[in-house]
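Below: the structure, in structure tokens.
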Amino acid sequence: MTQTLHIVGGGMAGSEAAWAAAKAGLTVVIHEMRPKVATFAHQTGKLAEMVCSNSFRSDDSEQNAVGLLHWEMRAAGSLTMEAADTHRLPAGGALAVDREPFSQYVTDKLRALPNVTVVEEEITALPGDGHWIFATGPLTSEALGAAIIAETGTERLAFYDAIAPIVYADSIDMDVAWMQSRYDKGETEEERKAYLNCPMTRDQYEAFIDALMGSDKAPFHEGEEAKYFDGCLPIEVMAERGRETLRHGPMKPVGLTNAHKPDEKAYAVVQLRRDNALGTLYNIVGFQTKMKYGSQTEVFRMIPGLENASFARLGGIHRNTFMNSPTLLDGEMRLKSKPHIRFAGQVTGVEGYVESAAMGLLAGRLAIAELSGKSLPPVPATTAMGALVSHITGGAEAKTFQPMNVNFGLFPPVDGLKGGRRGRKDRYKAYTDRAKADWQGWLGAA
Ligand SMILES: Cc1cc2nc3c(=O)[nH]c(=O)nc-3n(C[C@H](O)[C@H](O)[C@H](O)COP(=O)(O)OP(=O)(O)OC[C@H]3O[C@@H](n4cnc5c(N)ncnc54)[C@H](O)[C@@H]3O)c2cc1C
């Protein structure tokens, strides 16, 4: 193949996409703005720099979704996984790496390929022709951000995330919670029952506010100034503005009748809304937070109905440029309005080193197929790779889209298995067995 693939951003996703494409014989040009243009988080001019922790999280491919993603990436010849395995540090069941030699390894491997060129330059516009993958990450440069907005509209690119915790539906106690939209609004029965409600008595509310105010908060990273927008204040900040603020905001009890105790008026109600088409995940509405993870699980399990909640994702607020991928990208990660451009990595609304690299790998493979005139079968949604890409390109609720880690809530359920915490081990094993077989099948066909 003599075609050229341009990749903008030599981070986790861009490096992985470049490796896949170059190994398949494409001519690859990586356009990376560092070290000429810096970000507040990157320290070097190397490719695939890890900007914060040195962990790729769990390496357990049987019981953990990110461990499964590692497995799928290794099976697909991932450079990220090769570098991580080469520079692995002892970390129990987690995959931690020695960051400097890790990114040096990726840099050396890519620069050693005769068909890869690295150009140190900032790309500030979306090109009109050629074949491109944009993988510019959470700190996409300002000029390029402006170009993306000009193409997609102001509402479709965010510069901060405001992540509310997400709970596995089957871990919610439905003997306490009930389904109802405020004032039973909606045309259909489904819309009238779109929210899941958790009621609180006055004592429970007061104890919850005390716990919120006393919780440990995560600091912002250097360079991430605390820019709260009125629509997405952290709940603990709202609580600090007055003990009743939440009861008049996201926890207001009006327009709702407790289906289990119709005569009892709740003092406050926490609402959860469906977060994916599968209906396996619910996000706690308006509960974006900067509480530390340990505090979040403790505080949120005080909510009646969530005492045994399992969290698919905890809340957070970070500097994070990401697009509204469910509306902007097609199933092959192409920008619908400019299909010669793919997006990959964190800018597409996945979250984390591994997920970003995985989406780079996939974008690379999809570009290779397109440039060689092959059509690939869709990536099975039963695989970690497929579950993630299906989520960002359509499965997620576009209106409330926020970055997502890989988790089992994104997978289509396996029939006939016990739900809840008790069935979890067997369920996860069934998910990962199915994923491995389906991923190998897809790789064979690709
Ligand atoms: C402060 C901070 C802390 C984080 N901590 C963690 C953590 O602990 N664990 C974790 O898993 N994830 C963390 N993340 C998220 C992490 O950045 C991503 O998971 C991962 O690096 C994303 O990979 P990527 O390839 O999409 O983006 P990146 O790895 O950031 O790569 C994008 C590349 O594009 C380049 N670029 C940007 N704009 C342009 C342009 N216009 N032209 C050319 N090049 C450009 C950048 O210089 C960069 O090299 C953190 C993010 C931030 C901002």
Side-chain angles (χ1 to χ4, degrees), residues 6-19 29-58 66 69-70 79-80 84 94-97 99 102-103 106-107 110 118-127 132-148 159-161 163 218-225 293 313 316-323 325 333 342-364 388 392 403-406:
H6 294 270
I7 297 177
V8 186
M12 294 291 160
S15 300
E16 193 67 62
W19 181 250
V29 182
I30 301 175
H31 307 260
E32 168 53 59
M33 68 179 187
R34 289 178 295 116
K36 282 190 179 155
V37 181
T39 77
F40 76 81
H42 294 87
Q43 307 288 322
T44 73
K46 289 182 188 142
L47 302 176
E49 183 179 326
M50 301 173 86
V51 289
C52 189
S53 101
N54 68 334
S55 175
F56 286 139
R57 317 196 317 271
S58 172
V66 80
L69 199 51
H70 293 172
L79 177 60
T80 310
L95 176 56
V97 305
R99 69 177 72 235
F102 166 83
S103 56
V106 173
T107 308
L110 281 168
V118 181
V119 182
E120 287 172 1
E121 64 174 351
E122 178 190 2
I123 299 292
T124 56
L126 295 179
W132 294 78
I133 296 177
F134 276 72
T136 47
L139 305 176
T140 292
S141 73
E142 212 176 307
L144 181 59
I148 296 173
F159 295 99
Y160 277 80
D161 56 33
I163 298 175
F220 276 91
H221 289 277
E222 203 186 323
E224 278 184 322
E225 63 277 42
Y293 283 176
R313 185 185 72 190
I317 298 178
H318 319 94
R319 173 71 182 84
N320 192 356
T321 307
F322 67 99
M323 53 207 291
S325 295
M333 305 165 79
R342 282 190 161 76
F343 279 84
Q346 189 136 332
V347 73
T348 63
V350 295
E351 169 94 20
Y353 302 137
V354 184
E355 287 85 342
S356 298
M359 291 301 97
L361 189 154
L362 195 56
L388 254 188
I392 60 169
M404 187 57 115
N405 281 131
V406 67

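Just follow the structure's listing: the first ligand is 1, and inside any ligand the first atom is 1. Everything numeric here is computed off the predicted structure, so don't read it as measured data.
- Here the shortest heavy-atom distance to atom 45 (C) of ligand 1, taken over Glu355, His42, Met33, belongs to Met33.
- Considering all non-hydrogen atoms of both residues, Ser58 and Val66 come closest at O-CG1, 3.5 Å.
- By the criterion of a heavy-atom distance under 4.0 Å, both the backbone and the side chain of Ser53 are placed next to ligand 1.
- Of the charged side-chain nitrogens involved, none lies within less than 4.0 Å of a carboxylate oxygen, so that Glu351 and Arg313 do not count as a salt-bridged pair.
- At a 4.0 Å heavy-atom cut-off, ligand 1 touches His31 through the backbone alone.
- For the residue pair Leu69 and Glu355, the shortest heavy atom distance occurs at CD2-CA, 4.0 Å.
- Nearest to atom 13 (C) of ligand 1 by heavy atom, out of Tyr353, Phe343, Phe56, is Tyr353.
- You'll find the side chain of Lys36 stays beyond 4.5 Å of the side chain of Glu122, heavy atoms only.
- Comparing heavy-atom distances from atom 46 (C) of ligand 1 across Glu351, Glu32, Glu16, Glu142 singles out Glu32 as nearest.
- At least one N/O-N/O distance between Ser141 and ligand 1 falls below 3.5 Å.
- Backbone and side-chain nitrogen or oxygen atoms of Gly352 are examined, and one is located within less than 3.5 angstrom of a nitrogen or oxygen of ligand 1.
- Atom CD of Gln43 is separated from atom OG of Ser103 by 11.0 Å, given to the nearest 0.5 angstrom.
- Residue-level proximity to ligand 1 for Thr140 is carried by the backbone, the only part with a heavy atom below 4.0 angstrom.
- Atoms of ligand 1 found under 4.0 Å from any heavy atom of Ala135 (numbered from 1 in listed order, with element): 32 (C), 33 (C), 34 (O).
- Leu139 CG to His42 NE2: the interatomic distance, rounded to the nearest 0.5 Å, is 6.5 Å.
- Any N or O atom pair closer than 3.5 Å counts here, and Val8 shares no such pair with ligand 1.
- Those atoms of ligand 1 with a heavy atom of Leu144 less than 4.0 angstrom away are 41 (N).
- Residue contacts with ligand 1: Gln346 is placed with a nitrogen or oxygen under 3.5 Å of a nitrogen or oxygen of the ligand (distance criterion only).
- Ser141 is listed as a side-chain neighbour of Met33, based on a closest heavy-atom distance under 4.5 Å.
- Proximity of Glu121 to ligand 1 is established by a heavy-atom distance of less than 4.0 Å.
- The proximity of Val37 to ligand 1, defined as any non-hydrogen pair under 4.0 Å, does not occur for either the backbone or the side chain.
- Of all atoms in ligand 1, numbered sequentially from 1 with element shown, those under 4.0 Å from a heavy atom of Cys52 are 3 (C), 4 (C), 5 (N), 6 (C), 7 (C), 8 (O).
- By the 4.5 Å heavy-atom criterion applied to side chains, Leu47 and Leu110 are counted as neighbours.
- Checking only distances, Gly345 never comes within under 3.5 Å of ligand 1, N or O to N or O.
- No close placement of the Phe102 and Tyr353 rings is indicated, their centers lying 6.0 Å or farther apart.
- The distance from the OG1 atom of Thr80 to the CG atom of Leu361 is 7.5 Å, given to the nearest 0.5 Å.
- Below 3.5 Å of separation, one finds an N or O of Arg34 facing an N or O of ligand 1.
- Between Met12 and ligand 1, a contact under 3.5 Å exists for at least one N or O pair.
- Note that CE of Met323 is 9.5 Å distant from CD1 of Ile392, once rounded to the nearest 0.5 Å.
- No N or O atom of Ala41 sits closer than 3.5 Å to an N or O atom of ligand 1.
- Atom CD of Glu142 has 12 or fewer neighbouring heavy atoms from other residues, nucleotides or ligands inside a 6.0 Å radius.
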